[in-house]
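In what follows, a structure is listed as structure tokens, so that the remarks can point back to it.
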Protein chains: 2
Amino acid sequence: MDNFEWGPALRVGQAKAHKTLTEETLARLRRDIVSGEFEAGQKVKSEDLKKRYQVGTSPIREALFQLVSEGLVRSDGQRGFRVAELRQEELLDITDWRARLECEALRRAIATGDMEWEARVVAAFHRLTRVEGESGLDPKDAADLWEDHHRSFHFALYSACGSPWLLRFCELLIQHGERYRRAYISYPRISSSITAEHKAIMDAAMAREGDRAADLLERHIRHAADLALAHATRRPALGTSLAKKRRVGGMESEQVLKSRAPAKR
Amino acid sequence: MDNFEWGPALRVGQAKAHKTLTEETLARLRRDIVSGEFEAGQKVKSEDLKKRYQVGTSPIREALFQLVSEGLVRSDGQRGFRVAELRQEELLDITDWRARLECEALRRAIATGDMEWEARVVAAFHRLTRVEGESGLDPKDAADLWEDHHRSFHFALYSACGSPWLLRFCELLIQHGERYRRAYISYPRISSSITAEHKAIMDAAMAREGDRAADLLERHIRHAADLALAHATRRPALGTSLAKKRRVGGMESEQVLKSRAPAKR
DNA sequence: AAGTGTCAAATTTTCGAAATTTACGCGAAC
DNA sequence: GTTCGCGTAAATTTCGAAAATTTGACACTT
């Protein structure tokens, strides 16, 4: 509990109530970018954001600048902001480093984690499985909820790694990884195999079997990325190198592209 | 040439002229924090910064928020900003990751770097050695100048690693490492042994001997950190609780609180 | 056609002041 | 002597509008 100095970014559950408008806006904006509410490469006009989040110029810009530093947003000279593009290349990079760093973090946590860490992991896993059964929610909300808890579960696993910097790097990579996954796979179906993977990782961690846990985790990470890549190549339109985000008139693109409209309320 | 999407942070030389006030303020503020112009843990009042940098509220706050994300500044709820503290523990963490990640980056660059990369490295080294001979400057300015080129040299070495994320992580770590070094060693004397280390690393890299280069680089990084730690324990005032970090024996005590005065225009 | 220059609209950046919130001092009560 | 309240001062956050910059269109020339 002394290694959490950083990033209110990924906290969920009894998250500290966001106190300033900037913090709140940051969290919302980040969520909306990661969840694909904004398209990759899209220009974000502060005027739009002001209307969307009902705040003034300052909180918007302050939040945007933090996201620039996190790599989710890019700021072009005096020409405003854009959502970061998606490139398959980058997904590979992210996946490699996730595998490297998260496995290392998990090993360290397993080596040194105490009972409190175990409790955090078990609790996070429990919440994750609970949330998977949740019904009666708008699909988008359900996805958001699941992703929140998914992130929390992973983060809990690493939370006892003892290295704030490692934790921070994992935090960034997880976030970006999630964005790729959600962009490429319009809806993350919560297959039971994923759940099984999580359980296996947790079991290995609780049994303090570092090698096995790391191995399972690496598979888990690569599996997710492979799945995303498979979808990506199937419908190559997303964001990247295709200059114009021209909606190709095919039937397949109809349903998958342009997955969701901005915040229906 | 395609891996530099991130961070105007560490560019030097023909850096793109900072266009917005926010960017310029960010660069200046970062430099002043890293160089120790602001003390660790010190509260930074936006009013003071406005006067110091002669800009309005927005650029100040926008810059501060980016630094929060980089870990150089912390934002306490609605209670303003503080310069991040220094902890010997964290220096160890940073050093470990620098050794790991920078060596990896160097290996990759050596494996795949092209002639342009070689040219960048050689040029950066040349500038660094040139700057070391520079005389007739205010010591602080000389230090700033040297550090700029030192950073550039390291960054050039890794620039061909092919992984934007790795590069970004190195960028962050180098920055923080520099802050620790400069905080602990009030004035970095440019010993000829440091220069020799740089030359050895460069030679190994140009000879495409990855193992040797990585080994030298790791020594270089750890050497710098050890030096800093030695100074740190000699005058324990800096930052926070000295905790119980051993690492380097030496006489403690000898209170030389307060290494340098803030600001000074 | 292609290039150029100008002007207006749109957008971003920046400022300064209002609105909130926190910090501090001082007296009263226990 | 300490703790609690309360009111004022100081600082931070937030807003909205002014200033500066970019974008796009249109006419004009080559």
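Between Trp165(B) and Phe169(B), the two ring planes are tilted [angle within 30° to 60°].
Rounding to the nearest 0.5 Å places OG1 of Thr57(B) at 3.5 Å from NZ of Lys50(B). Rounded to the nearest 0.5 angstrom, Leu101(A) CG and Ile174(A) CD1 are separated by 10.0 Å.
Look at CG on Leu26(A): it is 12 Å from P on dT14(D), rounded to the nearest Å. Between Gln66(A) atom CD and dT13(D) atom P the separation is 12 Å, expressed in whole Å.
The one candidate from Lys140(A), Arg179(A), Arg181(A) that meets the salt bridge (charged side-chain N to carboxylate O under 4.0 Å, His left out) condition with Glu147(A) is Arg181(A).
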Enumerate the protein-to-nucleotides 12-16 of chain C contacts in which both atoms are nitrogen or oxygen and the separation is below 3.5 Å.
| from | atom 1 | to | atom 2 | distance (Å) |
| --- | --- | --- | --- | --- |
| dT12(C) | OP1 | Lys43(A) | NZ | 2.9 |
| dT12(C) | O3' | Gln78(A) | O | 3.4 |
| dT13(C) | OP1 | Gly77(A) | O | 3.2 |
| dT13(C) | OP2 | Arg61(A) | NH1 | 2.5 |
| dT14(C) | OP1 | Leu21(B) | N | 2.3 |
| dT14(C) | OP2 | Thr22(B) | N | 3.4 |
| dT14(C) | OP2 | Thr22(B) | OG1 | 3.1 |
| dC15(C) | OP2 | Gly56(B) | N | 2.5 |
| dC15(C) | N4 | Ser58(B) | OG | 2.9 |
| dG16(C) | N7 | Thr57(B) | OG1 | 3.4 |

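With respect to the salt-bridge test (charged N to carboxylate O, under 4.0 angstrom), the residues Glu178(B) and Arg182(B) qualify.
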